[in-house]
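Below is one structure, written out as structure tokens; comments come after it.
Computed from heavy atoms alone, side chains included, the values below leave out hydrogens, waters and symmetry copies. Residue indices begin at 1 and follow the sequence shown.
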Amino acid sequence: MQKNPQQGASRPFTGLVAYPPTPFDASGAVDTAALPDLVTRPAAGGADAVAVLGTSGSGLYLDAGERRTVVRHAARALRGSGVPLYAAVSALATRDAVSAARDAVDAGADGVLVSPVGYVPLTDEEVVPHVAAVAAAAGVPVCFYNNPTTTRYDVTLPVLRELAGAGAVAAVKDTAAGPEQWRERLAGYRDAGLPCAVGLSRDVLLVGAGSAADAWHSGVAALLPGAYSRLRAAVLAGDGPRAERWTGFLRPVVEELARLRPVAGLHALAAALGVPAGAPRGPLRPAPDAAVRRFRELVAAAPVR
């Protein structure tokens, strides 16, 4: 696999980080035959890193053995590409997250992501030792994923400063309700002088407000890597007309995804592109056939370059 000259950012969790869906076969098992293509697709299309087992990858719907299998096959597929592999290791219990981190690294992950998931929302006093334990066990760069809509926990600057200062996290992946909120949040990170990379998640923001982030974290980028890498390159180069051309293509796609259930929408986009990913694992339901047809119409409008 040829490495894109823009790939392979020197700092972990920077650049375009793509999150492919985990493919499932007709029986609901992880489709290890389809997995390599889903991992190499973004790597060949310009992504700077690939991350498995996140929300897009149904990580919390897999058991420990399946997680190890996904990371092992992904690492094998990316071997020699120069594109790092990251794995999400979030779990309710600290010991399970620690075990998942060790398993991921043993299977070939170059870094891990952890989100403070909890049936009961966690407190700062619980999050700090939880993340520190994962970092100590992993021994590789850790990205803190702040996703308050899902976890009902919103990280504060003092907590991130403590974790980053202790070397427990190398990056933060964050999101916001809208562009203005993201700009305010990013300014807070910059003003605090945090010694970690700051990345943005949520595709509807990336397509319109991601220019100042160290990283773009995206599930859609795993399926449309060429469009995302060209958009990011245009934004970073200050090429307004080119950025607008790719924004015009991607915005209807991500807006359609926003109308669907998150994981189901990504699997529907894969189906529209002819990328074997199967249906999401239950209890998640697949998107309606009409969504697949709509995605086919939208991706047919991709610019030539």
Side-chain angles (χ1 to χ4, degrees), residues 13 19 21-22 24 28-30 51-71 86-105 107 109 111-138 142-164 166 168-169 171-177 181 185 199-203 217 219 257-258 260-267 279-287:
F13 297 102
Y19 294 70
T22 296
F24 299 104
V30 173
V52 295
L53 302 178
T55 303
S56 300
S58 304
L60 288 175
Y61 295 90
L62 307 183
D63 63 33
E66 290 174 319
R67 286 186 175 202
R68 287 192 295 271
T69 295
V70 168
V71 178
Y86 305 138
V89 297
S90 302
L92 291 173
T94 300
R95 67 176 186 175
D96 293 335
V98 164
S99 179
R102 287 175 176 150
D103 285 349
V105 173
V112 299
L113 300 100
V114 61
S115 185
V117 297
Y119 182 76
V120 176
L122 301 181
T123 66
D124 291 348
E125 293 76 16
E126 292 165 334
V127 167
V128 169
H130 176 78
V131 175
V134 171
V142 174
C143 178
F144 185 101
Y145 180 21
N146 191 48
N147 186 9
T149 301
T150 299
T151 64
R152 294 174 292 163
Y153 173 85
D154 195 3
V155 73
T156 63
L157 286 174
V159 167
L160 279 177
R161 189 179 292 112
E162 179 177 354
L163 289 169
V169 297
V172 57
K173 170 186 174 184
D174 209 342
T175 187
Q181 291 91 333
R185 196 161 184 97
L200 175 61
S201 176
R202 195 163 176 250
D203 287 282
H217 297 265
L257 276 165
L260 300 168
R261 298 279 287 171
V263 179
L266 203 62
H267 281 253
R281 176 170 282 181
L284 301 181
R285 300 288 300 163

Whether the side chain of [X] engages the backbone of [Y] through a donor-acceptor N/O pair (distance < 3.5 Å, no angle test) should be reported.
{"X": "S201", "Y": "T175", "value": "no"}
{"X": "R67", "Y": "G59", "value": "yes"}
{"X": "T69", "Y": "G65", "value": "yes"}

With R285 via side chain to side chain contact (heavy atoms under 4.5 Å, CB included) - residues at least two apart: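 For R285 there are no side chain to side chain contact (heavy atoms under 4.5 Å, CB included) partners, ignoring immediate neighbours.
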Test side chain to side chain contact (heavy atoms under 4.5 Å, CB included) applied to A135 - qualifying residues, sequence neighbours left out: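 Partners of A135 under the side chain to side chain contact (heavy atoms under 4.5 Å, CB included) test: V142, A168.
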For the student: nearest non-hydrogen atoms of [X] and [Y], plus distance:
{"X": "S115", "Y": "Y145", "value": "OG-O, 3.2 Å"}
{"X": "F24", "Y": "A279", "value": "CD1-O, 3.4 Å"}
{"X": "V89", "Y": "A104", "value": "CG1-CB, 4.1 Å"}
{"X": "S56", "Y": "G219", "value": "OG-CA, 3.6 Å"}
{"X": "A107", "Y": "V71", "value": "CB-CG1, 3.6 Å"}
{"X": "V112", "Y": "A138", "value": "CG2-CB, 4.1 Å"}

Qualifying residues under ring-ring contact (aromatic ring centres under 6.0 Å, His included), relative to H217, sequence neighbours excluded: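 By the ring-ring contact (aromatic ring centres under 6.0 Å, His included) rule, H217 matches Y19.
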Flag side-chain contact, heavy atom, 4.5 Å: [X] against [Y]:
{"X": "E66", "Y": "D63", "answer": "yes"}
{"X": "S58", "Y": "V263", "answer": "yes"}
{"X": "H130", "Y": "V114", "answer": "yes"}
{"X": "L53", "Y": "L62", "answer": "yes"}

Intermediate values then yes/no, side-chain contact (heavy atoms from CB on, under 4.5 Å), V52 and Y86: CA-CA 6 Å; V52 295; Y86 305 138; over 6 Å; no
By salt bridge (Lys or Arg N to Asp or Glu O under 4.0 Å) - contacts of D203 (at least two apart):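 Salt bridge (Lys or Arg N to Asp or Glu O under 4.0 Å) list for D203, sorted by chain: empty.
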All salt bridge (Lys or Arg N to Asp or Glu O under 4.0 Å) counterparts of E162, not counting sequence neighbours: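 Testing E162 for salt bridge (Lys or Arg N to Asp or Glu O under 4.0 Å), a comparison that skips the adjacent residues, returns none.
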Test log, rule side-chain contact (heavy atoms from CB on, under 4.5 Å), inputs T123 and E126: CA-CA 5 Å; T123 66; E126 292 165 334; 3.4 Å; yes
Value rounded to 0.5 Å, distance of CZ in R281 from OG1 in T22: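 The OG1 atom of T22 is 9.0 Å from CZ of R281, to the nearest 0.5 Å.
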Nearest-0.5 Å distance, CG of residue L160 to CZ of residue F144: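 One gets 6.0 Å once the value is rounded to the nearest 0.5 Å.
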Pairs involving residues 151-160, ordered by first then second residue, that meet side chain to side chain donor-acceptor pair (under 3.5 Å) (sequence neighbours left out):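 Side chain to side chain donor-acceptor pair (under 3.5 Å) check on residues 151-160 returns D124-Y153, N146-D154, D154-R185.
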Passing candidate, side-chain contact (heavy atoms from CB on, under 4.5 Å) with K173, options L200, L113, N147: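 Going through L200, L113, N147 one by one, the side-chain contact (heavy atoms from CB on, under 4.5 Å) with K173 is satisfied by L113 alone.
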